[in-house]
Protein chains: 2
Amino acid sequence: MSHSATLPEDACLAAWCAGDEWCAITCTMDVIENKWHPVIVDRLLAQGPLHFNQLADEIGPITNKVLSNSLQNLEESGLVDRTIVNDQPVEVEYALTDRGRSLEPVIDALAAWGREHLGTADDGTAVRY
Amino acid sequence: MSHSATLPEDACLAAWCAGDEWCAITCTMDVIENKWHPVIVDRLLAQGPLHFNQLADEIGPITNKVLSNSLQNLEESGLVDRTIVNDQPVEVEYALTDRGRSLEPVIDALAAWGREHLGTADDGTAVRY
DNA sequence: CAGTATCCACAAGGATACTG
DNA sequence: CAGTATCCTTGTGGATACTG
């Protein structure tokens, strides 16, 4: 299932069509720049399909509303599929699409850089190298 | 020159110290999540050190204020060095630090994904695949 | 279980104009 | 050339409470 959506007012895409280079990056950022988007994709990459509350537990400090919004955004971007796997009680499964899985190198790069540049100082305080 | 700053109130770093995984990604996002940060780093990677207005021209639609803010953030994060190379007229050069250059794999991944998922439809309109 | 409904605060981005 | 100074709008995240 290929995802295709026209975004008429999107300056980034317009610039891309005009041949500008900078927009390839901002396009990707448009998709993942929300605070939790990359984390959600990361958890789905690592754990496979997850239910709403499983995601909430995996991710850490995220509220219902923000997780819900983020998942809707990811669905609209064609990165995540939402499937109702059971009624009564309602169970919903969130899984990456092929397009979502294609973000793996990006997520890996983000995670690798973060891991290399975070640490603990001698006095026990958190430090950014 | 090693960059090291304590960020006492930073929940991300606190969580890192507590052993949580999600924060490696959010830490990286904290550094580059601003709309133009990754583009600035990309241009400096591709072109080497640049002056203020050179950057503005390279990057595209960015206002003085936003570019100035972004550069200050990048400097505070230890990713960019600001050097005055001339008085009268004032000339300032922005260059990546080692830490800044270490973002290259991240930027490359962002750019590659964007390039693969942007394009032009048959009717000429911009399309996101 | 999987959300929605409000409300609030803050920060980032953009437009515009001005300066040493 | 390399910025700063305002002002404004919007979006995003967080807190809290409620629901089918």
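Quick caveat, the model's predicted, so the values are computed rather than measured. Note on naming: letters A, B, ... go to the chains in the order of the sequence lines (proteins, then strands), and numbering restarts at 1 for each one.
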*Asks:* To the nearest Å, how far apart are B:Leu71 CG and D:dG3 P?
*Replies:*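 Answer to the nearest Å: 8 Å.
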*Asks:* Would you mind checking if A:Glu58 and A:Arg43 are paired as a salt bridge, meaning a charged N to carboxylate O distance below 4.0 Å?
*Replies:*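 So A:Arg43 pairs with A:Glu58 through a salt bridge.
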*Asks:* Heavy atoms under 4.0 Å is the rule here; annotate nucleotides 12-19 of chain C 5' to 3' with B where the base is hit, S where only the sugar-phosphate is, and - elsewhere.
*Replies:* SBBB----
*Asks:* Roughly how many Å is it from CD1 in B:Ile40 to P in D:dA2, rounded to a whole number?
*Replies:*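 Between P of D:dA2 and CD1 of B:Ile40: 15 Å.
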*Asks:* Would you say a side-chain N or O of A:Tyr94 is under 4.0 Å from OP1 or OP2 of C:dG3?
*Replies:*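 Affirmative; the distance criterion is met.
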*Asks:* Just how far, in rounded Å, is C1' of D:dC1 from CG of B:Leu67?
*Replies:*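 One finds 13 Å between C1' of D:dC1 and CG of B:Leu67, rounded.
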*Asks:* What's the shortest heavy-atom distance between B:Trp36 and B:Ser70, and which atoms?
*Replies:*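 Heavy atoms only, the tightest pair is CB-OG, 4.4 Å.
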*Asks:* Which atom names give the shortest non-hydrogen contact between B:Leu110 and B:Pro38, and what distance separates them?
*Replies:*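 In this case the closest contact between B:Leu110 and B:Pro38 is CD1-CB, 4.1 Å.
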*Asks:* Measure the distance from CD1 on B:Ile84 to C1' on C:dG20 and round it to the nearest whole Å.
*Replies:*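 So the CD1-C1' distance, B:Ile84 to C:dG20, works out to 12 Å.
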*Asks:* What does D:dT9 pair with, Watson-Crick or G-U, if both distances are under 3.5 Å?
*Replies:*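 Check on D:dT9: paired to C:dA12, both distances under 3.5 Å.
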*Asks:* Which nucleotide, if any, forms a Watson-Crick or G-U wobble pair with C:dA5, using both distances under 3.5 Å?
*Replies:*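 The base-pairing partner of C:dA5, which may sit in any strand shown, is D:dT16.
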*Asks:* Would you classify A:Gln72 as touching base, sugar-phosphate or nothing, given that sugar-phosphate means primed atoms plus P, OP1 and OP2, and contacts are heavy atoms under 4.0 Å?
*Replies:*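 Counting heavy atoms under 4.0 Å across all strands, the contact made by A:Gln72 is with sugar-phosphate only.
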*Asks:* Does A:His37 use its side chain to pair, donor to acceptor, with the backbone of A:Val31 at less than 3.5 Å?
*Replies:*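 Flag set: sc A:His37 to bb A:Val31 pair under 3.5 Å.
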*Asks:* Is the distance from OP1 or OP2 of D:dG3 to the nearest side-chain N or O of B:Arg82 less than 4.0 Å?
*Replies:*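 Yes.
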*Asks:* For the pair made of CD in B:Glu76 and P in C:dA11, what is the distance, rounded to whole Å?
*Replies:*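 One finds 14 Å between P of C:dA11 and CD of B:Glu76, rounded.
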*Asks:* Using whole Å, what does the distance between atom P of nucleotide D:dT12 and atom NE2 of A:His37 come to?
*Replies:*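 A:His37 atom NE2 is separated from D:dT12 atom P by 8 Å.
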*Asks:* Check the phosphate of D:dC1 against B:His51, side-chain N and O only, distance under 4.0 Å to OP1 or OP2. Yes or no?
*Replies:*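 For D:dC1, OP1/OP2 do not have a side-chain N/O of B:His51 under 4.0 Å.
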*Asks:* Without swapping roles, check the side chain of A:Thr26 against the backbone of A:Met29 for a donor-acceptor pair under 3.5 Å.
*Replies:*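 No: the side chain of A:Thr26 does not pair with the backbone of A:Met29.
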*Asks:* Taking CD from A:Glu93 and C1' from C:dC1, how many angstroms apart are they, rounded to a whole number?
*Replies:*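 One finds 14 Å between C1' of C:dC1 and CD of A:Glu93, rounded.
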*Asks:* Rounded to the Å, how far apart are A:Asn53 CG and C:dG3 P?
*Replies:*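 Rounding to the nearest Å, CG of A:Asn53 and P of C:dG3 are 9 Å apart.
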*Asks:* Is there a side-chain contact between B:Tyr94 and B:Leu50 (heavy atoms, below 4.5 Å)?
*Replies:*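 No, every pair of side-chain atoms sits at 4.5 Å or beyond.
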*Asks:* Taking all non-hydrogen atoms of both residues into account, name the closest pair between B:Ser102 and A:Trp113 and its distance.
*Replies:*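 That would be OG-NE1, 2.8 Å.
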